[in-house]
Amino acid sequence: MIQLNIDGNPIPWKRPGGKRIRYDTQAKEKEQIRWVLRSQLRSDPLTNPLLVDIIFFFPIPKHISSVKKKEMLNGMIHHMKKPDVDNCAKFILDCMNDVVFLDDSQISDLHVRKQYSMKPGTYIRVTPLSLNQEREKEIDDEGYPRDC
């Protein structure tokens with residue numbers, strides 16, 4: 001299992017810019033995140049199927065009551081504002097390509113959520129999946145879970 005942390009506000013994916021020529025408007029931000037990931041990872045990119053868990057921690061708004069602040073920190077009030085969780089996931093997974101894994105197509109199980117925190121950032125856990133894993137033994141010959 002690999003655990004990675006990125007400090008700072010999570011960054012959502014943006015559409016490529018340009019009318020005729022498509023270019024990556026976030027190339028600089030992606031490279032900065034890749035440097036952070038490389039500094040925490042001392043191995044070659046993974047090549048097997050993967051389970052990826054991502055938690056995006058967003059800052060609590062400044063002008064908020066202490067009661068609501070406590071509820072946000074305890075998960076009673078969920079982060080339901082922009083940016084969208086799927087855009088944040090797309091950006092971070094694009095940054096992880098060729099650094100943590102060869103391609104994000106290797107991800108067979110993805111769990112993503114966003115929540116409030118006093119310290120904004122992104123937490124990532126990557127778990128390589130083995131073909132002989134216990135969870136896979138619970139699948140029948142037709143590919144359905146045995147408990148259904």
Side-chain angles (χ1 to χ4, degrees), residues 1-66 68-139 143 145:
M1 176 175 42
I2 298 169
Q3 296 182 15
L4 304 163
N5 289 297
I6 302 167
D7 293 333
N9 289 335
I11 302 169
W13 177 80
K14 295 178 185 171
R15 294 182 188 270
K19 292 182 181 180
R20 292 189 180 164
I21 300 172
R22 298 283 177 189
Y23 63 94
D24 189 353
T25 59
Q26 294 180 297
K28 184 177 179 182
E29 291 143 320
K30 285 182 181 177
E31 193 53 38
Q32 290 172 338
I33 298 297
R34 285 185 179 114
W35 274 106
V36 171
L37 295 172
R38 283 185 196 109
S39 71
Q40 297 176 47
L41 189 65
R42 303 285 184 211
S43 62
D44 292 332
L46 299 170
T47 58
N48 42 331
L50 303 169
L51 160 65
V52 177
D53 294 294
I54 306 172
I55 305 172
F56 296 105
F57 296 103
F58 286 90
I60 294 172
K62 293 182 180 182
H63 304 290
I64 203 85
S65 71
S66 59
K68 281 195 173 185
K69 184 177 188 178
K70 187 176 179 181
E71 289 174 344
M72 289 174 164
L73 291 172
N74 290 329
M76 297 168 67
I77 296 177
H78 297 277
H79 189 283
M80 297 191 316
K81 301 185 325 185
K82 293 211 179 264
D84 298 350
V85 71
D86 58 325
N87 289 334
C88 292
K90 174 140 181 61
F91 177 81
I92 212 70
L93 293 173
D94 283 352
C95 293
M96 294 170 69
N97 278 333
D98 291 323
V99 177
V100 178
F101 40 73
L102 292 178
D103 189 76
D104 53 5
S105 64
Q106 294 169 237
I107 300 169
S108 61
D109 199 349
L110 176 64
H111 302 241
V112 185
R113 76 173 189 254
K114 55 183 186 173
Q115 65 187 55
Y116 287 106
S117 175
M118 294 299 291
K119 185 179 177 190
T122 303
Y123 169 78
I124 306 162
R125 183 175 59 206
V126 180
T127 307
L129 298 175
S130 166
L131 295 178
N132 297 321
Q133 200 172 24
E134 287 300 317
R135 282 179 64 188
E136 293 183 11
K137 291 179 184 177
E138 297 171 6
I139 306 293

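Keep in mind the model is a prediction, meaning the values are calculated, not measured.
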CA sep, side-chain torsions, deciding dist, call: D24, K30, side-chain contact (heavy atoms from CB on, under 4.5 Å): CA-CA 10 Å; D24 189 353; K30 285 182 181 177; 3.1 Å; yes

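- Residue pairs meeting the side chain to side chain donor-acceptor pair (under 3.5 Å) criterion with at least one member in residues 34-58, sequence neighbours excluded, are E31-W35, E31-R38, D53-R125.
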Check against side-chain contact (heavy atoms from CB on, under 4.5 Å), V126 and L51: CA-CA 6 Å; V126 180; L51 160 65; over 6 Å; no

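- Here K68 contributes atom NZ and S65 contributes atom OG; the two are 6.0 Å apart, rounded to the nearest 0.5 Å.
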Can you give the donor-acceptor pairs under 3.5 Å from side chains of residues 92-104 to other protein atoms, not counting sequence neighbours?
{"residue": "D94", "atom": "OD2", "partner": "K90", "partner atom": "NZ", "Å": "3.4"}
{"residue": "N97", "atom": "OD1", "partner": "D104", "partner atom": "N", "Å": "2.7"}
{"residue": "D103", "atom": "OD2", "partner": "S105", "partner atom": "N", "Å": "2.9"}
{"residue": "D103", "atom": "OD2", "partner": "S105", "partner atom": "OG", "Å": "2.8"}

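- Residue L46 holds its CG atom at 10.0 Å from OG1 of T127, rounded to the nearest 0.5 Å.
- K81 approaches P61 most closely through the heavy-atom pair NZ-CG, 3.8 Å.
- Distance CG/N74 to NZ/K69: 12.5 Å, rounded to 0.5 Å.
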Check against side-chain contact (heavy atoms from CB on, under 4.5 Å), T122 and D7: CA-CA 7 Å; T122 303; D7 293 333; over 6 Å; no

Residue pair K114, I55: steps toward the side-chain contact (heavy atoms from CB on, under 4.5 Å) verdict: CA-CA 6 Å; K114 55 183 186 173; I55 305 172; over 6 Å; no

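- Residues K82 and D84 approach most closely at NZ-OD1, 3.8 Å, considering heavy atoms.
- Residues I54 and H111 fail the side-chain proximity criterion, which asks for heavy atoms closer than 4.5 Å.
- Remark: F56 CZ to Q115 CD distance equals 11.5 Å, nearest 0.5 Å.
- For the atom pair T25 OG1 and K14 NZ, the distance stands at 6.5 Å (nearest 0.5 Å).
- Pairing each heavy atom of S108 with each of P49, the nearest pair is OG-CB, 4.3 Å.
- Here Y116 contributes atom OH and F57 contributes atom CZ; the two are 14.0 Å apart, rounded to the nearest 0.5 Å.
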